[in-house]
Amino acid sequence: MLTKGERSAHYLVWLILFSVIYISFLEGVIPGARYVKYTLPVFVVFFWVFNGAMHGLGNIYLGRAVIPFVIVVIYGAVQQFFYPSIEGMKDIFFIFVGFIPFLFFDILNDRKFFDRLFYVFALLYCLKMAVVGQVNGEGIVGAYEGTESFVFGIFAICYFQFGSFRHFSVACFFVLLSLKRIAFLGVLFGVLSIVAVPILMRVGLLRIRIGFFLILVVSVIFLFGLSLGYFDEYFGRYFGVSSNQLTMGRFNIYSYVFGDFERLISFWGLGFGWSYELVSAATLGADKNLHSDILKIFFEGGLVLFLLFFYFLSRSINYSSLPLVLYLFCLFLTDNVLVYPQVMFFWLYAVFISNKCRSTF
């Protein structure tokens, strides 16, 4: 049991860490703000050492939700000895930034703190919309679209779990406003899994984890089929657009990657950072992101990392974390949030708080 002073210090640490992350979302309002999040390890180590000087070194927390990302960083770092890449080293650092606070500090079991995080985040997003839209004269997509949508989706799932449907509705409104279709789809799957908990409890966690792997395999097959044009006729008939238009350019990227599948598939992986060069060639320099963390892990980390990562991610699944794991999986399908520390920071916090607070909120 923490004393009042220790709890206040604990609260202050998380307040500062979240402030660092929040500032990084204000790019466009504050020039260079996006780089502030990369100072997070400095704050974490400082607080941990300071706490150690006062009370003796604290614990190292290695929760199940953190293990997959620790494995990625260690595996990626070893890869760099064989496939050195500046972009790869950046990716490894970005992933590390997203989870380092959860190695050294336990989270706050405090609903009021969680609510304040949501209110402040929503207000900052509204401020950013107003400033960016006015300064740059951008239209609705330019002013509103951003990675904030991924965070609002995390809030939405948590509030649905906690039974706070007013907050859930507001969070969903911001998900729609921030124009990330995959975030809304992820929220939908997360909500459905929460509603289905009574059924899932009869199914059992082992079968759920096996089902998760089956969904993973089906997703890779779907991306492969998409890249080969198997769904072109369907998209044209029912949506009136081409595969590339519907996927916002991802079709061309996936086609280029899977077109050389036999050469690119590897047991140990091609090395972190490899995909940037390939995608840049595929898009003639217009883009460099693979836009699928599932494919990024599959090709850059190889079959070994792919199986290790998703095995340990499935091991983190319980009835509380399942909605958030499904949500992350949806984001991984068509985006590269693995190297967005600000998003992964929120996701990990949400997983831990959903596990801790399900019975208390």
side-chain contact (heavy atoms from CB on, under 4.5 Å) between H167 and F114: does it pass, once the steps are laid out? CA-CA 11 Å; H167 289 87; F114 188 82; over 6 Å; no
Could you tell me if the side chain of Y159 sits less than 4.5 Å from the side chain of D115, heavy atoms only? yes
Quick one: do K288 and E277 make a salt bridge, cutoff under 4.0 Å? no
Quick check: closest heavy atoms across A65 and F352, and the distance to 0.1 Å? CB-CZ, 4.3 Å
Does the E87 side chain pair with the main chain of F272, one donor and one acceptor, at a distance under 3.5 Å? no
Kindly say whether the aromatic ring centers of Y349 and F99 come within a distance under 6.0 Å. no
Any side-chain heavy atom of L270 sitting closer than 4.5 Å to one from Y83? no
Ion pair R250/D335, N-O distance below 4.0 Å: yes
With distance as the sole criterion, is a donor-acceptor pair present between the side chains of Y319 and N355 under 3.5 Å? no
Measuring from atom CG of L200 to atom CD1 of I317, what distance do you get when rounded to the nearest 0.5 angstrom? 10.5 Å
Between W14 and P101, the two heavy atoms sitting closest are CH2-CB, 4.1 Å
For a quick test of reading the model, state the closest non-hydrogen atom pair linking L313 to V325 and the distance between them. CG-CG1, 4.2 Å
Is the shortest side-chain heavy-atom distance between P84 and M89 below 4.5 Å? no
I'd like to know if the side chain of S280 and the backbone of Y276 have a donor-acceptor N/O pair within less than 3.5 Å. no
Partner set under side chain to side chain donor-acceptor pair (under 3.5 Å) for N289, not counting sequence neighbours: none
Is the shortest heavy-atom distance from the side chain of F96 to the side chain of V70 under 4.5 Å? no
Could you walk me through whether W268 and F82 pass side-chain contact (heavy atoms from CB on, under 4.5 Å), step by step? CA-CA 11 Å; W268 301 107; F82 304 96; over 6 Å; no
Decide side-chain contact (heavy atoms from CB on, under 4.5 Å) for F212 and L322; before the verdict, give the C-alpha distance in whole Å, the side-chain angles of both, and the deciding distance to 0.1 Å. CA-CA 10 Å; F212 175 78; L322 176 61; 5.9 Å; no
Any chance the rings of F174 and F155 have centres within less than 6.0 Å? no
Is it true that W347 and F150 have ring centroids separated by less than 6.0 Å? no
Once rounded to the nearest 0.5 Å, what's the spacing between atom CZ of F298 and atom CG of L290? 11.5 Å
State yes or no: are the ring centers of Y254 and F224 separated by less than 6.0 Å? no
With a 4.5 Å cut-off on side-chain heavy-atom distances among I, L, V, M, F, W and Y, is there a chain of contacts connecting Y75 to F267? yes
Any donor-acceptor pair under 3.5 Å linking the side chain of T39 with the backbone of V36? yes
Sequence-distant partners of R207, salt bridge (Lys or Arg N to Asp or Glu O under 4.0 Å), two or more places apart: none
Using 0.5 Å steps for rounding, measure from the SG atom of C172 to the CG atom of L177. 12.5 Å
Ignoring hydrogens, what is the shortest heavy-atom contact between L17 and F345? Give both atom names and the distance. CB-CZ, 4.3 Å
Counting only heavy atoms from other residues, nucleotides and ligands, does the tally under 6.0 Å from CZ of F184 exceed 12? no
Treating S321 as the side-chain partner and S316 as the backbone partner, does any N or O pair qualify as donor plus acceptor under 3.5 Å? yes
Assess whether atom CZ of F43 is packed by more than 12 heavy atoms of other residues, nucleotides or ligands within 6.0 Å. no
So, E300 versus S275: side-chain donor-acceptor pair below 3.5 Å or not? yes
Verdict with reasoning, V337 to T147, per side-chain contact (heavy atoms from CB on, under 4.5 Å): CA-CA 9 Å; V337 296; T147 56; over 6 Å; no
Does F332 reach the side chain of F310, with side-chain heavy atoms less than 4.5 Å apart? yes
Answer with yes or no after comparing the ring centroid distance for Y327 and F189 against a 6.0 Å cut-off, counting only values under it. no
Would you call E148 and K128 a salt bridge, using N to O less than 4.0 angstrom? yes
Looking at every heavy atom in both Q79 and G301, which two are closest together, and how far apart are they? NE2-CA, 4.0 Å
Taking the side chain as C-beta and beyond, is there a heavy-atom pair between V97 and P41 under 4.5 Å? yes
Salt bridge (charged side-chain N to carboxylate O under 4.0 Å, His left out) contacts touching residues 162-176 (sequence neighbours left out): none
Note, K296 side chain near D91 side chain (heavy atom, < 4.5 Å): yes
Does any part of the side chain of T334, heavy atoms only, come nearer than 4.5 Å to the side chain of H291, both counted from C-beta? no
If only side-chain N and O atoms count, and only distance matters, is there a donor-acceptor pair under 3.5 Å linking D110 with Y11? no
Test ring-ring contact (aromatic ring centres under 6.0 Å, His included), reference F25, set F152, Y340, Y125, F121, output is F121
Roughly how far, to the nearest 0.5 Å, is CZ of F306 from CG of L295? 8.5 Å
Ring-ring centroid check F168 F162, cutoff 6.0 Å: no
In Å and rounded to the nearest 0.5 Å, what is the CG to CG distance from L117 to L15? 8.5 Å
Quick one: does any side-chain atom of Q342 pair with a main-chain N or O of I21 as donor and acceptor, under 3.5 Å? no
If you take all heavy atoms of R64 and R209, which pair is closest and at what distance? NH1-NH2, 3.7 Å
Could you grab the distance from atom CG of L333 to atom CD1 of I294, nearest 0.5 Å is fine? 4.5 Å
Between the main-chain N or O of S354 and the side-chain N or O of Q161, is there a donor-acceptor pair closer than 3.5 Å? no
Validation row, ring centre F104 to ring centre F47 under 6.0 Å: no
